[in-house]
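Both ligands and their constituent atoms are indexed starting at 1 by order of listing. Note that the structure is a prediction, hence the values are computed from the model and not measured.
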Amino acid sequence: MSYETSLAYAPSNIAFIKYMGKADQANNIPSNPSLSFTLNDLCSYVEVRKVKNMKTGVSFVKELPNINVINNAAQLYRPQLSNVEIKRFTHHIDKVKEKSLDVLESFHLGHESEGFLEIRSANTFPLGAGIASSASSFAALTLSLVYTFCSNKEKFLKVYENDLNFRNLIAQISRLGSGSSCRSFFGPWVKWVGEDVFPVKHDFPNLAHFVLLVNKDPKKVSSSQAHQLVKTSPFYQTRLLNMPEKLKQIEDYLKAGDIKNVSAVAWAEFMEMHSLFHTSNQSFSYWKPETLEVLSWIHPSVGVDQSSPIVTMDAGANIHFFIRNEMKELFKEKLQRQFNRFEILEDSTGLGAKIIC
Ligand code: DP6
């Protein structure tokens, strides 16, 4: 039987200005622009094997991708997909087939989607580690599929490397599966406005990332549900009105390499998002007592000077910290000393999704 395989890597990303609320639910068009930081090692790998002489179809294989070619991953975890998740991925695969046709043809890359697809995937973080896997897994799946469907692979790699517009178009297809995944195609600082996603100018040093896992229970409210519920908060419209100013501020601070003020804006932003959760009709919260303990511990050092940590939270209970690389060891020791009962995951600055082979 003749087959060909494509393996893609995509990192997770953490937003400092959050995507929360959708203007178009079916296409994951956000109500407001967002700005994120791309991670490096917390990532997904997706391998697509196209069996050419078999009827068109798809199966999610319970095996890891071919790890021999993956060198930066110490340990890989195979996601246990529920029926709902399999349905969501299968629906996305159909979308990628349809949408990649125009993109590949407009870049004269050829499109060939016939054949049976076997999908193998892995994350470098375990399920329930408090890292949203949808961004990295949809990005890796999309990239791997588009590459699989392309008939001129050599040219694809060159265009993907050099043409940000091409990458943006693939990111747009990925967005249809999960919104935040579109930001995982670029790095380190990425802006997503409406349909478009692109890297932003900055004068920032490389940052180290830590996430303190204070709670690993499955979330009771998914981020997709949160996107709908926040619209019932009385503060939602005010947030949208203030957004252009907030975004301009953080972009200016990024350009100026001003960590102190990025730290202050990021703190205010995640607090605002969680306030929407707390004031929705029905109100809900991701916070645990441990979340508050950590937040009150770190708060005095936020927005103080150029060595301040940048702190943020996603739709979950865990807390993300970003710190200048040269202060990484010192900060880690501090975290470990204070919170030795919690697991800490560590990462660094990343540049976005790519084809491995
Ligand atoms: C809180 O991208 O997970 O992490 O488009 O429904 O898949 P869907 O939502 P998702 O939302 C992420 C929300 C967030 C903030 C952010 O990453 O910007």
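Taking the six-membered ring where tryptophan is involved, the planes of F16 and F37 are essentially parallel, since the angle between them stays under 30° and well short of 60°. Under the 30°/60° scheme for interplanar angles, the aromatic rings of F89 and F60 are found to be tilted.
A salt bridge does not link K87 with E85: every distance from a Lys NZ or Arg NE/NH1/NH2 to an Asp or Glu carboxylate oxygen is 4.0 Å or more. A salt bridge links K216 with E343: the distance from a Lys NZ or Arg NE/NH1/NH2 to an Asp or Glu carboxylate oxygen falls below 4.0 Å.
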Which protein N or O atoms sit under 3.5 Å from any N or O of ligand 1? Give atom names and distances.
residue  : atom   : partner : partner atom : Å
ligand 1 : 2 (O)  : S178    : OG           : 3.3
ligand 1 : 2 (O)  : S180    : N            : 2.9
ligand 1 : 2 (O)  : S180    : OG           : 2.7
ligand 1 : 3 (O)  : S223    : OG           : 2.9
ligand 1 : 5 (O)  : Y19     : OH           : 2.6
ligand 1 : 5 (O)  : G179    : N            : 2.8
ligand 1 : 6 (O)  : K22     : NZ           : 2.8
ligand 1 : 6 (O)  : S224    : OG           : 2.7
ligand 1 : 7 (O)  : R88     : NH2          : 3.1
ligand 1 : 7 (O)  : S178    : OG           : 2.7
ligand 1 : 9 (O)  : H227    : NE2          : 3.1
ligand 1 : 11 (O) : H227    : NE2          : 2.9
ligand 1 : 17 (O) : R183    : NH2          : 2.7
ligand 1 : 18 (O) : Y19     : N            : 2.8
ligand 1 : 18 (O) : R183    : NH1          : 3.0
ligand 1 : 18 (O) : R183    : NH2          : 3.2

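Cation-pi check for R49 over Y3 is met; the charged atom lies under 6.0 angstrom from the ring centroid and within 45 degrees of its normal. Taking the ring centre of Y147 as origin, the terminal cationic atom of K153 falls inside the region bounded by 6.0 Å and 45° from the ring axis.
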